[in-house]
Amino acid sequence: MSQDIFYPDRELFKNSPIPDMESYRKLVKEFEDDYEGTWAKFAREKIDWFKPFDSILDESNAPFYKWFSGGELNVAHQCIDRHLSTKKNKAAIIFEGDNGDQRILTYRELAYEVNKTANMFKNEFGVKKGDRVVIYMPMIPESAIVMLACAKIGAIHSVVFGGFSADALRDRIIDANAKLIVTADGAFRKGRPYMLKPVVDKALESGCDSVEKVCIVERNGEDIDWIAGRDYSYNELIKHQSSKCEAEPMEAEEPLFLLYTSGSTGKPKGVQHSQAGYILWAQMTMEWVFDIQDNDTYWCTADIGWITGHTYIVYGPLASGATTVMFEGVPTFPDAGRCWRMVEEYQINQFYTAPTAIRLLHKMGEDEPKKYDLSSLRVLGTVGEPIDPPAWKWYYEVVGGSRCPIVDTYWQTETGGHMISPIPSATPIKPSSATFPLPGIMGEVIEKDGTPTPIGEKGYMCFTKPWPSMIRTIWNDPERFKKSYFGDCKKDGKPVYFSGDGAMVDEDGYITITGRTDDVINVSGHRIGTAEIEASIKKHPNVASVAVVGKPHEIKGEGIFAYIVLKDAPKSDEVADDLETMKEINQIIKSDIGAIALCDGMAFVPDLPKTRSGKIMRRILRSIIKGEKITQDISTLEDPTIVSKIEEIVRG
Ligand code: PRX
């Protein structure tokens with residue numbers, strides 16, 4: 001199937017901004033011929049500037065690039081206020097709760113709620129421009145409202161995924177030196193309430209001295225503890241706020257938000273995004289990649305706690321004046337037809353999800369989509385990990401009725417928006433390839449010295465020119481920013497952005513992402529650093545050493561597998577199958593990071609394969625768990641016999 005090419009159906013894409021490959025090539029060329037001028041043209045056309053910018057791209061302090069310096073704007077104004085003259089009664093957010101409850105907020109209502117919330121932050125909590133606000137929320141409209149309220153007053157938000165533990169939340173609060181935490185009592189999942197506020201209480205038990213107030217949105221109505229002078233009810237305070245709020249003029253380069261992501265060392269990185277460059281690309285990609293039209297209803301199933309939720313549930317759709325659907329719960333409750341029922345009910349035109357969800361829905365309900373009218377769908381999207389051919393085929397044929405192009409969007413927390421993706425109206429699609437870099441994005445598969453990687457071979461996925469929505473720095477750690485992204489690859493002697501992914505180009509120029517080249521694993525489309533999990537496992541009193549690797553997983557794409565040497569393990573070949581210890585270790589991971597980092601498998605081994613200098617040979621461990629033949633030279637190991645011993649334990 002990977003040889004097949006799928007062409008767009010012109011009838012579905014009559015008003016597209018990039019209607020065919022010729023227009024795509026023309027636009028690519030326009031950027032090549034006048035890179036800055038073309039970006040400036042789009043920036044002027046798309047953004048409602050309060051003050052025009054003086055320079056386009058400032059490379060004087062590379063890699064700390066600046067875009068549109070001197071310009072002033074406000075992202076909440078760009079996403080809401082500027083639409084009020086033309087779309088005030090259009091649905092901005094359609095919300096469906098876990099139990100089927102529904103709320104629809106028009107642009108006018110969204111403006112009203114955001115303004116009141118912004119005033120609450122200023123007047124009740126003393127939040128000022130540049131202050132950090134941590135948002136630990138479920139998937140309810142207030143999450144978007146709170147993000148936009150921060151944008152309106154120039155506060156920097158840092159959304160922490162609701163599945164992270166108290167310890168993980170605490171680390172992120174401390175790193176950002178946050179002043180205010182916004183949370184909810186809890187929410188609903190699979191018909192039952194779950195809690196968030198107690199996690200915040202636990203996180204704040206120690207070390208979070210910067211936090212002055214906690215603001216709590218009511219969602220599930222369960223009992224929570226209230227600490228006098230610290231905890232305040234959103235629902236009460238909002239009643240007394242004015243619905244008028246001037247948008248704070250923000251300089252193009254001031255930070256809009258931080259979003260923490262795993263790196264290859266233990267500490268998560270606070271990825272810092274800008275105002276103008278970020279919102280510009282969020283809006284442009286919404287228009288190009290999802291072909292969003294005025295009457296469309298668009299649904300991205302991500303969680304607000306990840307970059308996909310930021311750019312493609314909140315900022316991109318609203319900046320484009322679109323209707324965005326928000327969903328609380330899981331796609332398999334009350335049954336595997338939940339998503340397809342929602343597509344029918346809301347007449348969804350663009351549906352954007354992760355391969356892991358597609359695999360799960362496929363497995364749980366092969367024919368489920370056929371029970372619903374899915375004829376409103378025009379574009380299907382995937383994100384976060386490679387999509388395997390069986391999942392692609394089912395998504396294309398059964399969900400999309402062999403009619404809708406699948407946009408396999410490759411990007412990262414750091415890139416802010418899509419980088420490599422088909423344009424549904426133009427690009428002939430090869431399954432499992434993200435196809436070509438979007439116009440304006442200089443994506444190249446190269447060797448570390450910048451020479452192009454030969455066709456069909458694995459190279460490094462690099463972006464050789466800065467782009468407006470790129471990460472600006474790592475919060476509090478500019479040196480790590482330089483080292484993490486600009487330390488590995490060069491072109492023409494100049495450091496270029498390396499994504500951390502390997503990639504391959506075929507004879508037609510199609511790019512396929514081959515996966516991470518560092519010690520980061522991709523679990524259900526989420527990045528998790530092996531070092532972070534290892535640090536957690538080492539906290540168990542009986543663990544002497546550990547190495548964590550990714551393991552192929554039918555639904556998650558990659559699962560987490562730990563090779564563990566116990567302190568009291570017998571030194572012989574015999575190793576205890578200690579279920580109790582496994583449970584204890586997973587419990588530590590759950591409380592340190594969260595359930596997303598739980599190990600799918602563990603092996604207690606007599607030792608790890610180490611070189612004489614003590615370096616763990618993870619490649620060998622990866623090969624063992626994948627059942628691959630060991631091709632690495634094991635003669636350099638301190639104890640070469642360890643490899644077969646481990647193989648026996650794992651495969652035995
Ligand atoms: O390895 C790539 C993979 O996900 C990583 C980025 O993860 P994160 O920052 O959490 O953002 C996920 C949502 C954008 C990348 O380095 N990845 C993302 N999209 C794809 C992908 N791998 C293959 N194909 C994709 N379409």
Side-chain angles (χ1 to χ4, degrees), residues 91-105 109-110 112-114 116-118 120-121 124-125 133-150 157-166 168-169 173 178 180-204 211 213-227 230-241 299-306 309-310 313-314 324-334 338 342 594-596:
I93 298 177
I94 297 179
F95 168 73
E96 186 174 295
D98 183 64
N99 55 20
D101 53 322
Q102 197 186 81
R103 260 173 84 189
I104 299 180
L105 286 150
E109 286 165 322
L110 183 62
Y112 177 86
E113 298 294 339
V114 167
K116 283 181 137 227
T117 306
M120 180 202 299
F121 288 176
E124 309 287 343
F125 304 128
V133 175
V134 163
I135 302 174
Y136 187 66
M137 294 276 280
M139 286 295 291
I140 53 175
E142 283 78 5
S143 305
I145 291 168
V146 165
M147 290 162 77
L148 291 156
C150 288
H157 63 68
S158 167
V159 181
V160 178
F161 171 57
F164 278 124
S165 70
L169 174 62
I173 293 171
L180 173 70
I181 314 289
V182 187
T183 187
D185 43 7
F188 297 97
R189 190 190 296 126
K190 294 192 189 171
R192 283 199 294 274
Y194 72 91
M195 302 306 289
L196 288 170
K197 168 68 165 50
V199 185
V200 174
D201 290 338
K202 188 155 179 266
L204 295 183
V211 176
K213 301 278 160 59
V214 178
C215 175
I216 301 129
V217 179
E218 189 182 317
R219 168 62 183 152
N220 66 13
E222 296 290 305
D223 276 346
I224 51 171
D225 290 337
W226 291 87
I227 296 184
R230 189 197 76 180
D231 297 350
Y232 292 84
S233 161
Y234 178 95
N235 306 64
E236 277 308 309
L237 291 180
I238 198 89
K239 291 179 188 160
H240 316 293
Q241 309 303 322
W299 181 19
C300 163
T301 68
D303 190 282
I304 210 113
W306 308 109
H310 283 58
I313 294 180
V314 181
T324 178
V325 173
M326 248 182 117
F327 165 62
E328 173 197 52
V330 295
T332 50
F333 178 82
R338 178 66 182 263
M342 283 180 64
I596 47 165

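Side-chain atoms of F164 and V199, non-hydrogen and from C-beta on, never get closer than 4.5 Å to each other. Contact annotation: the side chain of V330 approaches that of R189 to within less than 4.5 Å [non-hydrogen atoms, C-beta and beyond]. A heavy-atom distance below 4.5 Å is not found between the side chains of P141 and E113. At least one side-chain heavy atom of V146 sits under 4.5 Å from a side-chain heavy atom of T117. Side-chain contact between I145 and M137 is absent, with no heavy-atom pair separated by less than 4.5 Å. Residues M195 and N220 meet the side-chain proximity criterion, which asks for heavy atoms closer than 4.5 Å. Side chains of H310 and M147 form a contact here, defined as non-hydrogen atoms less than 4.5 Å apart. Using a 4.5 Å heavy-atom threshold, the side chains of D185 and E218 count as touching.
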Apply side chain to side chain contact (heavy atoms under 4.5 Å, CB included) to L169 and V200, showing your working. CA-CA 8 Å; L169 174 62; V200 174; 4.0 Å; yes

Let me see the working for C215 and E124 under side chain to side chain contact (heavy atoms under 4.5 Å, CB included), right down to the final yes or no. CA-CA 10 Å; C215 175; E124 309 287 343; over 6 Å; no

Side chain to side chain contact (heavy atoms under 4.5 Å, CB included) between R230 and D201: does it pass, once the steps are laid out? CA-CA 11 Å; R230 189 197 76 180; D201 290 338; 2.7 Å; yes

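Here the shortest heavy-atom pairing between I104 and A91 reads CG2-CB, 3.7 Å. Nearest heavy atom pair, residue A149 against residue F121, reads CB-CE1, 4.1 Å. Minimum interatomic distance between A302 and G309 (heavy atoms only, all atoms of both residues): CB-N, 3.9 Å. Scanning all heavy atoms of the two residues, the minimum distance from A187 to P138 falls at CB-CB, 3.3 Å. Nearest heavy atoms, M342 versus E96: SD-OE2, 3.4 Å.
Within a 6.0 Å sphere centred on OH of Y112, heavy atoms belonging to other residues, nucleotides or ligands number 12 at most. Atom CG of D101 is surrounded by more than 12 heavy atoms from other residues, nucleotides or ligands within 6.0 Å.
With sequence neighbours excluded, the residues satisfying ring-ring contact (aromatic ring centres under 6.0 Å, His included) with F327 are W299. For Y234, there are no ring-ring contact (aromatic ring centres under 6.0 Å, His included) partners at least two apart in sequence or on another chain. Annotation: ring-ring contact (aromatic ring centres under 6.0 Å, His included) contacts of F125 (sequence neighbours excluded): Y232.
Using a distance-only test at 3.5 Å, with no hydrogens or angles considered, no donor-acceptor pair links the side chain of K190 to the main chain of F333. A donor-acceptor contact shorter than 3.5 Å is absent between the side chain of T324 and the backbone of I93. Between the side chain of R338 and the main chain of D98, a donor-acceptor pair closer than 3.5 Å is present.
Interatomic distance, L110 CG to L148 CG, rounded to the nearest 0.5 Å: 6.0 Å. The CG atom of D303 lies 8.5 Å from the CE atom of M326; values are rounded to the nearest 0.5 Å. Atoms OG and NZ, on S233 and K239 in that order, are 7.5 Å from each other to the nearest 0.5 Å.
Residue V182 is tested with V133, V159, I216, V134 for a side chain to side chain contact (heavy atoms under 4.5 Å, CB included); the sole match is V133. Between K197 and the options D225, D223, D231, a side-chain hydrogen bond (donor to acceptor under 3.5 Å, both in side chains) holds for only D231.
Residues R219 and E328 are paired through a salt bridge, judged by an N-O separation under 4.0 Å between the basic side chain and the carboxylate.
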